[in-house]
Amino acid sequence: MAATPPPPGSPAWWAARPDPTAPAAAAEPRRGRPSLDTAHIVGTALRLVDEHGTQAFSLRMLAEALNSGTATLYRHFDGKDEIMAYVVDRVLGEVNLGALTTSSDWREALTVTAHGFHDALRRHPNTLPLLMAYVPVGPHGLAQRERVLAALLEHGLPAALAARAFTAVAHYVVGFTAQQYGPAAAPDHSTEVAAFYGGLDPESYPALLQAARSLTSVAVDEEFEFGLTLLVRGLAHLAP
């Protein structure tokens with residue numbers, strides 16, 4: 001009985017992928033339409049996901065955008081799930097970590113990481129469900145993780161704490177961005193909610209009424225900064 005292939009995007013699946021840094025093997029001539037550059041396919045797929053979302057995305061839509069056919073896509077990928085795994089890794093490759101090289105300590109390195117990750121996800125909010133479904137161990141995901149962990153270790157964090165700090169910040173960014181900008185994010189109802197709070201019984205909800213203005217008037221970017229600051233300062237208590 002043949003073994004079940006690993007699901008696209010899983011660590012076992014990525015481990016079986018060709019080394020992206022190795023020279024490409026010469027492809028045998030094949031009938032039909034000419035082959036396409038895989039980076040171009042993935043880039044076009046990301047653009048379509050940005051425009052239409054993951055549910056509406058299809059191989060037929062991608063083939064039409066590439067002025068090609070689905071048979072040509074199957075030369076490179078086994079299906080939509082494989083393409084989505086590469087799309088997620090493509091987004092992770094867009095995370096700007098350039099300021100890591102000038103970070104003065106591990107706190108700043110974590111903050112740079114959070115902002116770079118947050119900015120990339122805000123540019124591609126429709127990919128957030130994919131990011132939460134796939135394990136980010138593709139070439140770009142590994143490279144970014146290596147850079148961040150190396151910076152944290154260089155600034156004196158023990159390996160175990162560096163790993164947990166990286167994971168905690170990544171989870172915070174993904175969760176916050178998904179709630180505020182993802183496909184399932186609710187519209188801004190701050191004005192409506194403020195009015196609702198204002199009509200509550202002060203005897204039943206005195207604390208809620210006292211905090212109502214702050215609950216409904218803080219800008220999203222300010223809320224992100226506040227949560228990130230709390231997280232980084234909390235981690236500082238665990239650092240040697």
Side-chain angles (χ1 to χ4, degrees), residues 50 88-138 140-191 193-194 197 207-208 210-240:
D50 286 341
V88 170
D89 194 57
R90 175 70 169 259
V91 173
L92 294 177
E94 291 187 10
V95 177
N96 183 2
L97 298 178
L100 276 181
T101 57
T102 59
S103 299
S104 59
D105 60 18
W106 65 266
R107 300 169 187 79
E108 187 177 355
L110 273 181
T111 303
V112 166
T113 300
H115 281 288
F117 196 19
H118 184 52
D119 291 343
L121 296 184
R122 285 184 63 177
R123 290 195 298 271
H124 306 288
N126 283 338
T127 66
L128 280 159
L130 295 174
L131 185 64
M132 291 185 285
Y134 289 100
V135 181
V137 290
H140 288 118
L142 286 179
Q144 301 287 40
R145 187 169 299 190
E146 173 66 21
R147 288 188 64 187
V148 176
L149 290 174
L152 298 180
L153 294 173
E154 181 182 350
H155 288 307
L157 280 191
L161 183 56
R164 298 186 70 176
F166 172 84
T167 302
V169 167
H171 287 173
Y172 170 71
V173 173
V174 171
F176 186 95
T177 314
Q179 185 180 40
Q180 298 295 336
Y181 303 102
D188 181 11
H189 293 301
S190 56
T191 302
V193 174
Y197 286 160
L208 184 55
Q210 187 174 349
R213 183 171 182 179
S214 295
L215 286 172
T216 58
S217 64
V218 177
V220 174
D221 289 344
E222 184 179 344
E223 185 179 348
F224 177 79
E225 290 289 347
F226 182 78
L228 178 60
T229 300
L230 284 181
L231 182 56
V232 173
R233 288 183 178 178
L235 288 166
H237 290 285
L238 301 177

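These numbers come from the heavy atoms of this one structure, side chains and all, not from hydrogens, waters or symmetry mates.
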- Check the pair Glu94 / His124 against side-chain hydrogen bond (donor to acceptor under 3.5 Å, both in side chains), numbers first and verdict last. CA-CA 10 Å; Glu94 291 187 10; His124 306 288; 2.7 Å; yes
- Taking everything shown except Arg123 itself, do over 12 heavy atoms lie less than 6.0 Å from its CZ? yes
- Please name the pair of heavy atoms, one in Ala151 and one in Ala109, separated by the smallest distance, quoted to 0.1 Å. CB-CB, 4.3 Å
- Message: Quiz question: by atom type and distance under 3.5 Å, do the side chains of Gln180 and His118 form a donor-acceptor pair?
- Response: no
- How about Phe166 and Phe117: are their ring centroids closer than 6.0 Å? no
- Item | Qualifying residue for side chain to side chain contact (heavy atoms under 4.5 Å, CB included) with Val91, from Leu128, Leu130, Leu121 | Leu121
- Query: How far apart are the closest heavy atoms of Tyr181 and Asp221, and which atoms are they?
  - Reply: OH-OD1, 3.8 Å
- Query: Taking the side chain from Thr177 and the backbone from Val174, do they hold a donor-acceptor pair closer than 3.5 Å?
  - Reply: no
- Query: Would you call Thr113 and Val173 a side-chain contact if the rule is heavy atoms closer than 4.5 Å?
  - Reply: no
- Query: How close do Leu231 and Ala168 get, heavy atom to heavy atom, and via which atoms?
  - Reply: CD2-O, 3.8 Å
- For Leu97, does its backbone N or O pair with a side-chain atom of Arg147 as donor and acceptor, under 3.5 Å? yes
- Query: So do the side chains of Pro240 and Pro158 get within less than 4.5 Å of each other, counting heavy atoms only?
  - Reply: yes
- Walk me through it: do Val148 and Val112 pass the test side chain to side chain contact (heavy atoms under 4.5 Å, CB included)? CA-CA 9 Å; Val148 176; Val112 166; over 6 Å; no
- Value for CD (Glu154) from OG (Ser103), rounded to nearest 0.5 Å, stands at 9.0 Å
- Message: Treating Asp89 as the side-chain partner and His140 as the backbone partner, does any N or O pair qualify as donor plus acceptor under 3.5 Å?
- Response: yes
- Looking only at atom types and distance, does a side-chain atom of Gln179 sit under 3.5 Å from a main-chain N or O of Gly175, one as donor and one as acceptor? no
- Item | Leu110 and its side chain to side chain contact (heavy atoms under 4.5 Å, CB included) partner, picked from Asp105, Val169, Leu100 | Val169
- Message: Nearest 0.5 angstrom please: Asp119 CG to Arg122 CZ, how far?
- Response: 7.0 Å
- Apply the test side chain to side chain contact (heavy atoms under 4.5 Å, CB included) to residues His115 and Leu228: give CA-CA distance (whole Å), side-chain angles for both, the deciding distance (0.1 Å), then the verdict. CA-CA 9 Å; His115 281 288; Leu228 178 60; 4.0 Å; yes
- Query: Between Val95 and Ala120, what is the shortest heavy-atom contact and its length?
  - Reply: CG2-CB, 3.9 Å
- Message: As an exercise, state the distance from CH2 of Trp106 to CG of Leu157, rounded to the nearest 0.5 Å.
- Response: 5.5 Å
- Which pair of heavy atoms, one from Leu235 and one from Ala165, lies closest together, and at what distance? CD1-CB, 3.8 Å
- Do the ring planes of Phe224 and Tyr172 sit parallel (below 30°), tilted (30 to 60°) or perpendicular (above 60°)? parallel
- Message: Would you say that more than 12 heavy atoms from the other residues, nucleotides or ligands in this model lie under 6.0 Å from the CD of Glu225, or not?
- Response: yes
- Output the distance between atom OG (Ser217) and atom CD (Glu222), rounded to the nearest 0.5 Å. 8.0 Å
- Straight-line distance of Thr216 OG1 to Arg213 CZ, nearest 0.5 Å: 8.5 Å
- For Leu92 against Pro136, the heavy-atom pair lying closest together: CD1-CB, 3.5 Å
